[in-house]
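Input: a single structure, listed below in structure tokens.
In this text, all values refer to a predicted model and were calculated from it rather than measured experimentally.
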Amino acid sequence: MIYDLIEELLAPFEVTTGVIKVIDPPDTYITYFQYDENGTQFVDDKESRTTYYIQVDVWSKIDAFSLGKEVQNTLTKNGFIRRSVFHDYEEDTELFRHGMRFHYTQNN
């Protein structure tokens with residue numbers, strides 16, 4: 001499953017991670033979720049390759065950009081294709097956000 005791969009790739013960062021949301025988050029954490037999935041190759045009417053569309057967000061009270069770039073580099077080195085990156089600051093939570101969208105194609 002795509003979430004297992006993402007968890008494996010994010011584990012070396014030693015930062016709390018979670019799908020969609022982190023309960024009682026620390027000052028810096030990472031969330032991710034799949035927002036789309038589709039078949040990209042079919043052989044004999046069976047899906048042989050699937051593309052997953054993933055959003056990864058680095059949240060931090062101090063600096064989300066540095067860790068975000070490291071996460072982006074790790075994912076792209078492991079076959080994820082970057083689609084877009086955006087930066088945000090949420091005043092209500094006082095968190096900086098480094099948001100990234102990727103797609104990843106996997107053989108079935």
Side-chain angles (χ1 to χ4, degrees):
M1 179 169 202
I2 192 68
Y3 288 154
D4 295 333
L5 175 59
I6 294 170
E7 275 294 324
E8 179 183 322
L9 294 173
L10 296 179
F13 291 105
E14 298 181 0
V15 174
T16 300
T17 61
V19 178
I20 308 272
K21 184 176 181 179
V22 172
I23 305 300
D24 296 324
D27 286 349
T28 300
Y29 61 98
I30 301 170
T31 58
Y32 55 89
F33 63 94
Q34 174 185 317
Y35 64 89
D36 198 6
E37 171 184 335
N38 59 41
T40 52
Q41 185 176 32
F42 296 85
V43 175
D44 295 329
D45 294 328
K46 292 183 182 176
E47 187 174 321
S48 61
R49 291 175 60 91
T50 303
T51 298
Y52 301 93
Y53 296 84
I54 305 296
Q55 180 164 320
V56 179
D57 296 297
V58 175
W59 304 87
S60 180
K61 293 219 179 249
I62 302 165
D63 174 25
F65 184 76
S66 298
L67 179 58
K69 290 299 278 183
E70 291 180 45
V71 168
Q72 179 180 316
N73 289 339
T74 296
L75 292 175
T76 56
K77 285 179 185 175
N78 286 280
F80 286 75
I81 308 297
R82 182 180 60 88
R83 296 176 49 93
S84 64
V85 174
F86 58 94
H87 302 98
D88 191 16
Y89 178 75
E90 294 191 354
E91 290 186 27
D92 59 333
T93 61
E94 298 180 343
L95 289 169
F96 293 95
R97 177 183 184 190
H98 184 92
M100 300 160 281
R101 286 194 166 191
F102 300 90
H103 70 270
Y104 179 83
T105 300
Q106 185 174 45
N107 293 327
N108 299 337

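With hydrogens and angles ignored, the 3.5 Å screen pairs no side-chain donor or acceptor of T17 with any backbone N or O of I30. Side chain of T76 to main chain of I81: no donor-acceptor pair is present (N/O by atom type, distance under 3.5 Å, no hydrogens or angles). Side chain of K61 to backbone of P26: no donor-acceptor contact under 3.5 angstrom is found.
Between Q34 and E37 the shortest side-chain heavy-atom distance falls below 4.5 Å. The shortest distance between side-chain heavy atoms of Y104 and L5 falls below 4.5 Å.
A donor and an acceptor atom, one from each side chain of W59 and T31, are located under 3.5 Å apart. A donor-acceptor pair shorter than 3.5 Å can be found between the side chains of N108 and T50. Counting only N and O atoms by type, the side chains of T105 and T51 include a donor and acceptor under 3.5 Å apart. Using modelled atom types, one finds no donor on one side chain facing an acceptor on the other under 3.5 Å when comparing S60 with D63. Checking D57 against Q55 by side-chain atom types alone, a donor-acceptor pair falls below 3.5 Å.
Atom NE2 of residue H103 and atom OH of residue Y53 lie 6.0 Å apart, to the nearest 0.5 angstrom. How far CE of M1 is from CD1 of I6: 9.5 Å, rounded to the nearest 0.5 Å. In this structure, Q72 CD and R82 CZ are separated by 5.0 Å, a value rounded to the nearest 0.5 Å. Note that CG of L10 and OG1 of T16 are 11.5 Å apart. Values are rounded to the nearest 0.5 Å. For the atom pair CG of N38 and OG1 of T40, the computed distance is 6.5 Å after rounding to the nearest 0.5 Å.
Between H87 and F65, the ring center distance clears the sub-6.0 Å criterion. Ring-centre distance between Y3 and Y32: below the 6.0 Å cut-off.
By the criterion of side-chain heavy atoms lying less than 4.5 angstrom apart, applied directly or through intervening Ile, Leu, Val, Met, Phe, Trp or Tyr residues, V58 is grouped together with I54 in one hydrophobic cluster. Taking hydrophobic clusters as Ile, Leu, Val, Met, Phe, Trp and Tyr residues chained together by side-chain heavy-atom distances below 4.5 Å, L95 does not share a cluster with Y89.
The shortest heavy-atom contact between F13 and L67 is CD2-CD1, 3.6 Å. When all heavy atoms of G68 and M100 are compared, the closest pair comes out as O-SD, 3.5 Å.
Taking the ring-ring contact (aromatic ring centres under 6.0 Å, His included) definition, one finds that Y52 meets it with nothing, sequence neighbours left out.
A cation-pi arrangement is present between R101 and Y35 under the rule of less than 6.0 angstrom and at most 45 degrees off the ring axis.
Around CG of D92, the count of heavy atoms belonging to other residues, nucleotides or ligands within 6.0 Å exceeds 12. Other residues, nucleotides and ligands place more than 12 heavy atoms under 6.0 Å from the CD atom of E90.
Under the 30°/60° scheme for interplanar angles, the aromatic rings of F80 and F102 are found to stand perpendicular.
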